[in-house]
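One structure is given below, encoded as structure tokens.
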Amino acid sequence: MDVSIDADKGPTIRRPTPCRSRLLVVDGKLHAKVVRHLATGAERLTIIRYGDLYGHADLAAVRAELPDIEITIEHARTRVDRFHHRYHQLHQASYEVATALSRAFFEANPWIESEIPEFDGAAAEFTLGVADFVFFKMLRMDGVARALRDPRFDSVIISFSDNRELYRLCAAVPNLVGDPRIEACCWLPGGAQSRFETRQIALGAERGGAEDRLPSFVEDIKDYNEPPLSAAPEAVRAYLGMATKLPRYRQGGHRRDRRSIALITHEGRAYGYNAVQIACGLQAHFNVDVIWTQGREKAFDESVSRVADDVVLRTLKRDETSQPGFMRVASLVPDRRANTAIRASTLTAFKLPILDLVSKWKSDPAVISALDCVVRAGLAELMLRQVGQVAIAKKVLETYEYDAIAISPIRTSNNAIVGAVARMTGTPSLTVETHCLNAAYCRYTSVRTDYAAVYSDHFAQEYDHHFGIAADRVRSFGSPRILRPPHYEPEEARLRARERIGLEPGAHRIIAVPTQPMPPALILALWRMIIQAAKALKQPAKVLLKTHPEEGQGHIERYKQIIEEESAGDICSVVDADIKELLMASDLVLTAYSVTALEAVVLERNVAIVGQPGVSYPTAYDEILGVPLCCTQAETLATMEEAFELGPKARSGAEAFKAKNPHLFDNSTYNRLREIVDEIIDKGPAGIRQRSELPQDIFVTAPFQEYMV
């Protein structure tokens, strides 16, 4: 069933009308057969799920139902990626909201400092959590709002759930209500269906210029008039009492004669496993406890099991002391009584800053709708939970008295809070960055720990210039993400990797193309340039493209389409191989700004960066590695030919980089990190940064620059 938004006629059920290009906005999930019904009459279908940041949808199931329709999957970052000015604008808006409302929260609740002495030392990290909460709400809404306003869609169907957020967004987008292109539906049964119909009528009543209308929550918030809470309400104090109960502790293989450290991390595909790798590597020298600030305990066990197969860690001494301890240190979700107690005075304090924010941003539907949603539900509760996170982190560090803590990654609020608490308890702290950060991405956080460990000296300078920590407090150590297998022999590794991937033996050169999320027009142009250069080679070659984990099936289909258009199916393909295996199997790696460029050099593979004239990348890997930047088909072809003729002696062989960074080629990563931790413990509290030395901003300070737009 589908229902149009029409205030005059009310909800009416009908089949979708024929169209050239239909947008389907889905809140929640829809069965593929429902999608097939909603695609009726469309020549092309674009699907975007409200709340989706990565385009994760079962495209195969939908395509099976709609084999003859061109289907595209979008997500919140499809139209505005990390390096787009609009992304930066949303970042600025969310930071402004978080700063104003966090300040109001502290003013409304002066009892916090008496319950948790020195709490103001974690104020920046607290604000970081609020900023993230607000930002990702804005980003999700902006992705949908931009798609809804795209005139290229001559038909739009919105599938609502019982969630109010998408309704609020639709009410805030100017001229959306009454737009003849738009129809709406709800596939939930019972009460949700009747609420849907009621809300559609209410939406119809909102017809007009949404930008001139103050959101109703502004009027709602004026009803609150409570004085600041000078003392913690009983329900809040009870919540903090529950929140600070020590979590279950699983002791690892600890010995009395070793110094103790905690490694702060969380479940996450990009960092969780690498942090557990580090913990297991350091466990050979320290008593290590992994503190999981969010995620499933089971995920830690899964990571430990994977470490058992780690080719480098297997060569370290493994005995009964090899497994780290474990705690899940995450504050409890406040109960209803505690939330109610904190909400009244907090919303009273929000009045003036909310009015200012609404006045400034009322013409921006994504910002104003996100503000509407978080103030109505979630924000005060999140803030109370952040207070609980500070309290439980303080209890844990005071109880276990670690000699130092390491945090990986620093840029999530729950992790950063533990770093702030370490300053309160006199515990030295270290940021361990397993990736390769750069200040070009506006939402990287500044580094407020006492020390930092990064991949190479290049990133030490990056931290010094933009991340708020001086170079003399930054150490280079490599990364567990970028290691050579032990006893690595480049040529033997190439043969074995090709066999494992299933490549036919022969004289073909292998060109690996690892991709990175980029604007489609740019990455597809680069892919076409690579294919055309490969076709001009005078020797046999295979070009194998490996998509980034954040790219979905829609991206894969576009890459395959370029192969078909260039009639290159005999030499080019999209492969689903392990990235390290593909790099080892290759003769040449071509990428844009992926960190796989560093990994390939460590594996002694030739590397070149591909680009377009006038388009700069946020990380200039060609400059870091001293390898070619290819911006034309001719340059790409010349680099291919030189790499195949000269091997390591070619410009793409990165010989100067290898000579300058020997520690990246001898697998001394864990030893170097151990030395860094020893140094920090030896300096003790004397090495802790003073409050005056910490960066004032919680995000990096580099001037924003658009990339690849």
Side-chain angles (χ1 to χ4, degrees), residues 93-135 137 214-244 331-361 368 370-394 413-414 416-417 420-421 424 698:
S94 62
Y95 188 17
E96 182 179 332
V97 168
T99 301
L101 298 187
S102 295
R103 185 184 303 118
F105 178 81
F106 296 137
E107 292 172 354
N109 298 285
W111 57 266
I112 295 174
E113 190 68 26
S114 59
E115 293 288 334
I116 309 174
E118 300 182 87
F119 184 92
D120 66 328
E125 289 75 10
F126 178 99
T127 303
L128 170 62
V130 177
D132 280 350
F133 180 64
V134 176
F135 173 77
K137 190 79 72 177
L214 286 179
S216 59
F217 80 97
V218 174
E219 295 301 321
D220 296 343
I221 206 169
K222 291 180 180 179
D223 294 337
Y224 288 94
N225 189 25
E226 297 291 332
L229 294 172
S230 57
E234 179 184 345
V236 170
R237 186 173 285 117
Y239 162 70
L240 292 177
M242 292 291 294
T244 52
S331 59
L332 299 172
V333 177
D335 60 22
R336 183 177 57 82
R337 291 178 62 249
N339 283 335
T340 301
I342 204 73
R343 187 172 172 79
S345 67
T346 297
L347 292 183
T348 297
F350 282 174
K351 283 183 187 178
L352 293 179
I354 285 289
L355 289 172
D356 290 341
L357 291 164
V358 167
S359 176
K360 179 175 181 178
W361 295 100
I368 207 68
L371 188 58
D372 183 341
C373 291
V374 299
V375 171
R376 285 181 188 269
L379 185 56
E381 296 83 350
L382 169 85
M383 289 175 160
L384 180 56
R385 191 171 185 183
Q386 293 271 99
V387 173
Q389 186 66 29
V390 174
I392 183 57
K394 196 166 187 286
S413 176
N414 280 2
I417 278 173
V421 170
M424 300 179 196
I698 60 174

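The structure places CG of Asn225 at 12.0 Å from CG of Leu347, a figure rounded to the nearest 0.5 Å. Annotation: the span from Gln386 atom CD to Leu384 atom CG amounts to 10.0 Å, rounded to 0.5 Å. Taking OG from Ser345 and CG from Leu229, the interatomic distance works out to 3.5 Å, rounded to the nearest 0.5 Å. Note: Leu371 CG to Lys137 NZ = 12.0 Å, rounded to the nearest 0.5 Å. Interatomic distance, Asn414 CG to Ser331 OG, rounded to the nearest 0.5 Å: 6.5 Å. Taken from CD1 in Ile354 to CG in Leu101, the straight-line distance is 5.0 Å, to the nearest 0.5 Å.
Put simply, the side chain of Thr348 gets close to the backbone of Ala344: a donor and an acceptor are under 3.5 Å apart.
Residues satisfying the salt bridge (charged side-chain N to carboxylate O under 4.0 Å, His left out) criterion with Arg237, sequence neighbours excluded, are Glu115. Residues that satisfy the salt bridge (charged side-chain N to carboxylate O under 4.0 Å, His left out) test with Arg343, not counting sequence neighbours, are Glu381. Under the side-chain hydrogen bond (donor to acceptor under 3.5 Å, both in side chains) criterion, Glu96 pairs with Lys360, not counting sequence neighbours. Residues satisfying the salt bridge (charged side-chain N to carboxylate O under 4.0 Å, His left out) test with Asp120, not counting sequence neighbours, are Arg691. In this structure, Ser94 has no side-chain hydrogen bond (donor to acceptor under 3.5 Å, both in side chains) partners at least two apart in sequence or on a different chain. Qualifying side-chain contact (heavy atoms from CB on, under 4.5 Å) partners for Phe133, counting only residues two or more places apart in sequence or in other chains: Val374, Leu379, Leu382.
Between Leu240 and Thr244, the closest heavy-atom pair is O-OG1, 2.8 Å. Ala104 and Phe350 get closest at one heavy-atom pair: CB-CD2, 3.9 Å. Of all heavy-atom pairs between Ala341 and Val236, the closest is CB-CG2, 4.1 Å. In terms of heavy atoms, Ala349 sits closest to Ala108 at CB-CB, 3.5 Å. Val130 and Ser102 make their closest contact through CG2-OG, 3.6 Å (heavy atoms, listed as atom of the first residue, atom of the second, distance). Summarising the geometry of Ile698 relative to Thr127, their closest heavy-atom pair is CD1-C, 4.1 Å, with the distance given to 0.1 Å.
Residues Met424 and Val390 form a side-chain contact, since some pair of their non-hydrogen atoms from C-beta on lies under 4.5 Å apart.
Aromatic ring orientation, Phe105 versus Phe126: parallel (interplanar angle below 30°, classes split at 30° and 60°).
Within a 6.0 Å radius of CD in Glu234, other residues, nucleotides and ligands contribute 12 heavy atoms or fewer.
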**Request:** Run the numbers on Tyr239 and Arg385 for side-chain contact (heavy atoms from CB on, under 4.5 Å), then give the verdict.
**Result:** CA-CA 9 Å; Tyr239 162 70; Arg385 191 171 185 183; 4.0 Å; yes
